[in-house]
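Here is the naming used below: chain letters follow the sequence lines, and residue numbers restart at 1 for every chain. Just so you know, these numbers come straight off a predicted model, no measurement behind them.
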Amino acid sequence: MSTSAPSANLMEAIVSLAKRRGFIFPSSEIYGGFNGFFDYGPLGAELKKNIRDCWWADMVRRRDDIVGLESSIIMHPKVWEASGHVAGFTDPLVDCKVSKQRYRADQLFFAAVVVDGKTAGYVSALESEDTVGELQAAAESLKRKKAIQGTLVPVLAKDMTEAQPDEIALIPSPATGEPGSLTPPRSFNMMFQTNVGAMTDASSVAYLRPETAQGMFVDFKNVVDTGRVKLPFGIAQIGKSFRNEITPRNFIFRSREFEQMEMEFFIHEDDDWAKWHRHWIDWCKGWLRSIGLPDSHLSEYDHPKAKLAFYSKGTTDIMFQYPFGVQELWGIAARGNYDLGQHAQASGKPQEIFDEATKKKFVPHVIEPAVGVDRILLAVLCAGYAEEDVKDEKGNVEKRTVLRLSPRIAPVKVAVLPLLKNKEALVGRSRALYQKLQRRHAVFYDDGGNIGRRYRRQDEIGTPWCVTIDFDTIEKPGDTFTLRERDSMAQRRITEAELFALLDEQVY
RNA sequence: GCGGCUAUAGUUUAAUGGUAAAACCUCUGCCUUCCAAGCAGGUGUCGUCGGUUCGAUUCCGACUAGCCGCUCCA
C-alpha cells in the first residue's frame, strides 16, 4: 500500500470531493454562485457540528474555569466604535490604476486650478505639513506649463472623499502626475452594514459582528455577577462572524461569512501573562491533535513586536500547512486589558474585579485563543485526504480515495452493512443493529451494490468503521459481526457489546 | 479593486455555426458469501443576459462565478 502525492491539485480534488459527496457547496449555486459564501451539505453539516461539539465539550463542559456564552450577532453600534473596528476600517481608499499605488482618500488632497474664473486643470498632493503650499506651487507650475495668462485664484484644498464624480477623472495621480488613473474612493471597512428598525438613515446603522470576541467583553460584568466565576476564568463562544473580505480565496479558508470559536481567558493584572499565553498555545495544539491534525502540519508564528497593536503583549498563531501554503489557523493573543478598558471608557461602566487579597479593584487582562471552524474543517479535509494504490486479488492496482478523519469528528461513525441485501436474515439483523446504534451515534445503513463498493464509499466520506452482518453472524454462535477498519482495511470479528465499547472509547 | 486564464451532466473530460458524447458517480431492479465486478433501466436549463446569424453550446460583448498573480488581511 502506497500513498500517491496529489499535492499539486490537492485542493481541486478536495473541492471536488466536497461537492460530490455533499460536504460543501458554493452558496446560491443555481443563481451562479455568490463569491465568498458557502453552504455545508448533509455530511459537511455533521462534520462541522462535530468540530464545534468537540471544542465546546473540551473547552467548556469538561472544565471548571470556563463558561459559555451566546451573544447576539448584531450589537449596539457603540460596541464597534469602542473596539476600534469602526474607526479602523472606515478609511476610504483610492487606487491609481497605472502605478498600482493605493492612497487613503482622506490623505490625498486635490485642488482645482482656477485662472480668471476658469478651471484650467487639477493638481494633487499627499497630506503633509504644508499640503496647501504644495498644491499652490503645483497650481502655479501647471499655469506656467500650460502658458495660461491671467490671475491664479488661491487653491482650495479638498481631499478625495470630497471629489465630485466628474472631477475624479481630471485629478492627476501623485505617482504619475497624469490625470485619469485614479479610482473613486471606496470604503474598505470590512464590517457588513445594515439598518435596524424602519428608518434607513445614519442613526439606524448597525453592523454584523466581524468577530465574536466583543460579546464576551460586553457581557463580562453580567457573567461575573451571575456565573460564580473566579479569576482566572474564561468565557467561550461559538458563532457566526461576517467580514466583507476584498478577496475571498482558497475555498472556505477566507470567506465572508464564517464561524468562530473564541475564548477570552481573564487573568489577574499581576499574573504572569506569558505563562498563560504559552499554556493556551499548548492547549490549542493538543486539541488540534485530538481531532486528528498531524503535528507535522502544525507550526507556530510569533507576530513581530513591531507589528503588534500598541496594547498587545504578544500574539502567536498556530499555523497549518494547507496545500496553498502555511496559513494561520488559530491565533492566541495576549491583549492586556485593552478591550475591557475601552468598553469601560466608552460605556462609563467600570469593568473591574475586586481583589479580596489586596482590597483593590482592577481590570483583568485577557488571553484570547480565536479559531475559525471553517478553517479547521478545511484543515482536517486537507490532512485527511489521501489517494492510495491498492492491489486487488488479481494484482491489479487501483486507486482508493480515503478521508482519514478522526472518529471524534467523522460525520458518520459506523456504517452498518448486510453482506447481501436479498437475504432476509442478514437484512433483519442489520436493521436491528442499525436502529440500536442510531440512538447513540451518527450511523449509516447501506445495502446498495456489492460490499466492496460500500466500503469504498464509506472510505471517501471518512467513516472510521464498517460493520458487516454476514452468514457467520446468523449461523454461528456469538452474534459477531465483521468490523472493517478504514485506514488499514483490516477486518476482525466483534460483538455488539464490544462495538459499543469501542465507540465509547473513540468517540468522545 | 487591478491584470491574466477559465466556465459543457453530480464529478472529470469530449465534439460541434444546424437543440450534445463518454467514463465515473448517483438512483431503481436483478444478481452477488468481504474491498469500486456484472446485467437492465432512470436522471442533462452547454454559468447569466444581450449582439451577429435563417439558425449560437460554438463567434462577439457585458455581467456573474472560479483559478493564478497583485492588492488587502484591525
Side-chain angles (χ1 to χ4, degrees), chain A residues 9 11-13 15-22 25-37 41 80 83-91 93-102 181-191 210-211 213 243-251 253-254 303 307-312 315 324 327-328 331 333 335 338 388 390-394 396 398-402 417-423 426 447-460 466-475 481-486 489-491 493:
Chain A
N9 41 27
M11 276 310 288
E12 250 174 77
V15 171
S16 167
L17 175 79
K19 173 86 188 292
R20 186 156 39 88
R21 290 301 188 182
F25 310 126
S27 167
S28 317
E29 201 181 10
I30 62 169
Y31 291 102
F34 201 38
N35 194 7
F37 298 91
W80 306 110
S83 70
H85 287 84
V86 172
F89 275 91
T90 44
D91 307 331
L93 299 179
V94 171
D95 284 317
C96 169
K97 285 186 278 196
V98 173
S99 69
K100 306 296 180 196
Q101 293 290 306
R102 172 166 286 172
S181 66
L182 293 179
T183 63
R186 294 188 314 273
S187 170
F188 263 58
N189 194 308
M190 289 202 293
M191 284 196 292
E211 62 174 36
R243 295 182 194 181
N244 197 359
E245 296 284 354
I246 303 159
T247 312
R249 197 59 72 88
N250 292 326
F251 199 34
F253 181 80
R254 175 169 296 140
H303 288 233
K307 284 198 164 188
L308 293 174
F310 69 91
Y311 54 80
S312 180
T315 297
F324 45 86
Q327 298 281 343
E328 177 190 341
R335 299 178 59 87
Y338 175 76
E388 293 175 351
V390 292
K391 281 187 182 163
D392 64 16
E393 294 164 336
K394 296 168 198 144
N396 299 321
E398 54 184 23
K399 201 178 78 171
R400 176 173 92 120
T401 302
V402 55
L417 318 169
L419 182 58
L420 299 175
K421 89 166 171 187
N422 56 1
K423 297 288 186 293
L426 296 177
D447 62 9
N450 63 51
I451 190 71
R453 174 193 289 273
R454 283 179 260 159
Y455 285 152
R456 296 301 171 80
R457 203 152 34 193
Q458 295 303 319
D459 288 342
E460 217 176 45
C466 295
V467 286
T468 299
I469 286 67
D470 51 29
F471 290 95
D472 281 2
T473 312
I474 51 176
E475 289 169 358
F481 323 112
T482 299
L483 179 82
R484 186 265 195 184
E485 207 265 334
R486 177 193 64 204
M489 300 195 285
Q491 302 188 356
R493 296 208 72 80

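Residue A:K421 places its side chain closer to B:U32 than to any other of B:C34, B:A36, B:U32. When the nucleotides B:C34, B:U32, B:A36 are ranked by their closest atom to the side chain of A:K423, B:U32 comes out on top. Between B:C25, B:G66, B:C35, one nucleotide has an atom nearer to the side chain of A:R21 than all others, and that is B:C25. In the set B:C35, B:A65, B:A36, the nucleotide with an atom closest to the side chain of A:T401 is B:A36. Residue A:R254 places its side chain closer to B:C73 than to any other of B:C73, B:C25, B:C34.
Taking atom C1' on both B:C73 and B:A65, the two are 22 Å apart, rounded to the nearest angstrom. Remark: the separation of the P atoms in B:C63 and B:G1 is 11 Å, to the nearest Å. With P as the reference atom, B:C24 and B:A20 are 22 Å apart, rounded to whole Å. Comparing the P positions of B:C59 and B:C2 gives a spacing of 25 Å, expressed to the nearest Å. Going from the C1' atom of B:U8 to that of B:A15 covers 10 Å, rounded to whole Å. The separation of B:A14 from B:A23, taken at their C1' atoms, amounts to 11 Å, rounded to a whole angstrom. Taking atom P on both nucleotides, B:G51 is separated from B:C68 by 35 Å, rounded to a whole Å. Using atom C1' as the reference point in both B:G47 and B:G10, the two lie 16 Å apart (nearest Å).
A:T482 pairs by the side chain to side chain donor-acceptor pair (under 3.5 Å) definition with A:D470, A:R493, not counting sequence neighbours. With sequence neighbours excluded, no residue forms a side chain to side chain donor-acceptor pair (under 3.5 Å) with A:Q327.
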Dot-bracket encoding per residue of RNA chain B, Watson-Crick/G-U cut-off under 3.5 Å, | denoting interstrand: (((((((..((((....[..)))).(((((.......)))))....(((((..]....))))))))))))....
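At a threshold of 4.0 angstrom between heavy atoms, the contacts of A:K19 are confined to the sugar-phosphate backbone, with no base atom among them. Contacts of A:Q491 with the nucleic acid, taken as non-hydrogen atoms under 4.0 Å apart, include base atoms. Within 4.0 Å (heavy atoms only), A:N450 reaches at least one base atom of the nucleic acid. Among the atoms of the strands shown, none is found under 4.0 Å from any heavy atom of A:D459. Contacts of A:F253 with the nucleic acid, taken as non-hydrogen atoms under 4.0 Å apart, are absent. At the heavy-atom level, A:S16 lies under 4.0 Å from the strands shown only through sugar-phosphate atoms. Residue contacts for A:E460: at a heavy-atom cut-off of 4.0 Å it reaches a base atom on one of the strands shown.
Atom CG of A:D472 and atom P of B:C34 are 11 Å apart (whole Å). With rounding to whole Å, A:N35 atom CG is found 12 Å from B:C68 atom P.
In this structure, A:F471 forms an aromatic stack with the base of B:U33, since both conditions hold: centre separation below 5.5 Å and plane angle below 30°.
Taking 4.5 Å as the limit, some side-chain heavy atom of A:R20 sits within range of a side-chain heavy atom of A:E460. A heavy-atom distance below 4.5 Å is not found between the side chains of A:D459 and A:E388. Contact check for A:T401 versus A:K399: side-chain heavy atoms found under the 4.5 Å cut-off. In this structure the side chain of A:R486 reaches within 4.5 angstrom of the side chain of A:V402, judged on heavy atoms. Inter-residue side-chain proximity for A:L426 and A:T473 is flagged as unmet; no heavy-atom pair is nearer than 4.5 Å.
A:R456 has no side-chain polar atom (N or O) that falls below the 4.0 Å cut-off from OP1 or OP2 of B:C25. The phosphate of B:C30 (OP1 or OP2) has no side-chain N or O of A:N422 nearer than 4.0 angstrom.
Judged by closest nucleotide on RNA chain B, A:R20 is the one of A:R457 and A:R20 placed further toward the 5' end. Projected onto RNA chain B by closest heavy-atom contact, A:P210 and A:R454 fall at different nucleotides, the more 5' of which corresponds to A:R454.
A side-chain contact (heavy atoms from CB on, under 4.5 Å) with A:R454 is found for one member of A:L419, A:T468, A:L417 and no other, namely A:L417.
The base of B:C35 does not come close enough to the side chain of A:R453 for any donor and acceptor atom to sit less than 3.5 Å apart.
To the nearest 0.5 Å, the span separating CZ on A:F481 from CD on A:Q491 amounts to 14.5 Å.
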